[in-house]
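Written out below as structure tokens is the structure these notes cover.
All values below were derived from every heavy atom in this structure, side-chain atoms included, with hydrogens, water molecules and symmetry-related copies excluded.
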Amino acid sequence: MLTRQLVRHPTTPAPVVRLVEVRALQAADGSLQLAYCLRGDMARLLIPEPTASDRRDRLWEHTCFEAFVSVAGTAAYREYNFSPAGEWAAYAFTAYRQRDQSWALAAAPRITARLTAGRLELEATLAAAALPPRASGVPLLVGLAAVIEAADTVDGSHSYWALRHPAALPDFHHRDGWALELTPPPALV
């Protein structure tokens, strides 16, 4: 399992967040397993309350974790959003921000979240069928990100975190920010 620390976009404040990191693994069955860890002053962050696991748009307006997945050498990609409330969203794109309305995720991701003093952990598993199809041996390019909503900041309530921020404004769809490459496990080759 690879562990990567996310960095805050320089234009967004985050005085109550100490660290956001993600562990990623493509399992032998082809599923993608992600484990996000947010450390900070949880009392000063807005964390969605647990609810029924269901598909919901616009999760990025509040604290949520995201993954962008593409097959190396293709323009198409998928976006997955995971809320600490248990809600999720999944979108397909044929190219940069060009939505493919015909695609829908067949099975909901498995999401678990734990909130403790100073820490929020969220684990999400995407089945192999939820990922973009690829030829044997071709790696996945992955962008990992988080939107963190603070309750009491003056300069803006959201901070944007990613592996890399290649643009002047936060843009998780920007492929230059997708800094993780996952090779298929031996069972898939």
Any Lys/Arg nitrogen of Asp171 or Arg97 sitting under 4.0 Å from an Asp/Glu carboxylate oxygen of the other?
yes
Evaluation steps, side chain to side chain contact (heavy atoms under 4.5 Å, CB included), between Ser53 and Trp88:
CA-CA 7 Å; Ser53 178; Trp88 58 273; 3.8 Å; yes
What's the verdict on side-chain hydrogen bond (donor to acceptor under 3.5 Å, both in side chains) for Gln98 and Asp100, showing C-alpha distance, side-chain angles and the deciding distance?
CA-CA 7 Å; Gln98 295 178 11; Asp100 177 357; over 6 Å; no
Going by the ring pair (Phe, Tyr, Trp, His ring centres under 6.0 Å) test, which pairs reach into residues 17-64, not counting sequence neighbours?
Tyr36-Phe65
Honestly curious: do Tyr96 and Phe172 fall in one hydrophobic cluster under the side-chain, below-4.5 Å linking rule?
no
Would you check if Leu120 and Cys37 make a side-chain contact, meaning some heavy-atom pair closer than 4.5 Å?
no
Using the side chain to side chain contact (heavy atoms under 4.5 Å, CB included) criterion, which residues pair with Arg56? Sequence neighbours excluded.
Leu59, Glu87
Co-members of Leu169 in a cluster of I, L, V, M, F, W and Y side chains, linked at under 4.5 Å
none
Please check if the distance between the ring centroids of Trp178 and Tyr77 is under 6.0 Å.
yes
Could you grab the distance from atom CG of Leu163 to atom CG of Leu144, nearest 0.5 Å is fine?
4.5 Å
Apply the ring-ring contact (aromatic ring centres under 6.0 Å, His included) test between His9 and each candidate in His158, His165, His174; give the one that qualifies.
His165
Identify whether Val69 and Leu6 are in the same connected component of the hydrophobic contact network (ILVMFWY, side-chain heavy atoms under 4.5 Å).
yes
Which value, rounded to the nearest 0.5 Å, describes the distance between Glu21 atom CD and Arg4 atom CZ?
11.5 Å
According to a 4.5 Å side-chain heavy-atom criterion applied to Ile, Leu, Val, Met, Phe, Trp and Tyr, with indirect links allowed, do Trp103 and Leu126 form part of one hydrophobic cluster?
yes
Could you pull out the closest heavy-atom pair between Gln26 and Thr183, with the gap in Å?
OE1-O, 3.8 Å
Check Arg78 against Pro133 and note the closest heavy-atom contact, atom names and distance.
NH2-CD, 3.8 Å
How about Leu180 and Leu2: do any of their side-chain heavy atoms sit closer than 4.5 Å?
yes
Would one find more than 12 heavy atoms of other residues, nucleotides or ligands at under 6.0 Å from atom CZ of Arg99?
yes
Decide side chain to side chain contact (heavy atoms under 4.5 Å, CB included) for Val142 and Glu181; before the verdict, give the C-alpha distance in whole Å, the side-chain angles of both, and the deciding distance to 0.1 Å.
CA-CA 6 Å; Val142 181; Glu181 185 173 300; over 6 Å; no
Test side chain to side chain contact (heavy atoms under 4.5 Å, CB included) on Phe93 and His173 and set out the steps.
CA-CA 10 Å; Phe93 297 85; His173 291 257; 3.5 Å; yes
What orientation do Tyr80 and Phe82 show, parallel under 30°, tilted 30 to 60°, or perpendicular over 60°?
parallel
Heavy-atom pair of closest approach, residues Ala146 and Val20
CB-CG1, 4.2 Å
Can you name the closest pair of heavy atoms from Ile47 and Pro84 and give their distance?
CG2-CB, 3.9 Å
To the nearest 0.5 Å, how far apart are CD in Glu61 and CG in Asp57?
10.0 Å
Hydrophobic cluster membership, Leu25 vs Val138, 4.5 Å side-chain cutoff
no
Applying the salt bridge (Lys or Arg N to Asp or Glu O under 4.0 Å) criterion to Glu121, which one of Arg23, Arg114, Arg39 satisfies it?
Arg114
Distance, nearest 0.5 Å, that separates CG of Leu140 from OG of Ser70
8.0 Å
Rounded distance [0.5 Å steps], CD in Glu149 versus OG in Ser157:
5.0 Å
Side chains of Thr125 and Leu34: does their closest heavy-atom pair fall under 4.5 Å?
no
Do Val147 and Leu45 sit in the same hydrophobic cluster, where Ile, Leu, Val, Met, Phe, Trp and Tyr count as joined when their side-chain heavy atoms come under 4.5 Å apart?
no
Checking Thr94 side chain against Ala76 main chain: does a donor-acceptor pair fall under 3.5 Å?
no
Working to the nearest 0.5 angstrom, can you tell me the gap between Ile148 CD1 and Leu46 CG?
11.0 Å
Of the non-hydrogen atoms in Ala14 and Trp161, which two are nearest, and what is the gap between them?
CB-CZ2, 3.6 Å
Is there a side chain to side chain contact (heavy atoms under 4.5 Å, CB included) between Val71 and Leu141 once you walk through the steps?
CA-CA 6 Å; Val71 174; Leu141 300 179; over 6 Å; no
Write down the atom of Arg164, the atom of Asp176, and the distance for their closest heavy-atom approach.
NH1-O, 3.0 Å
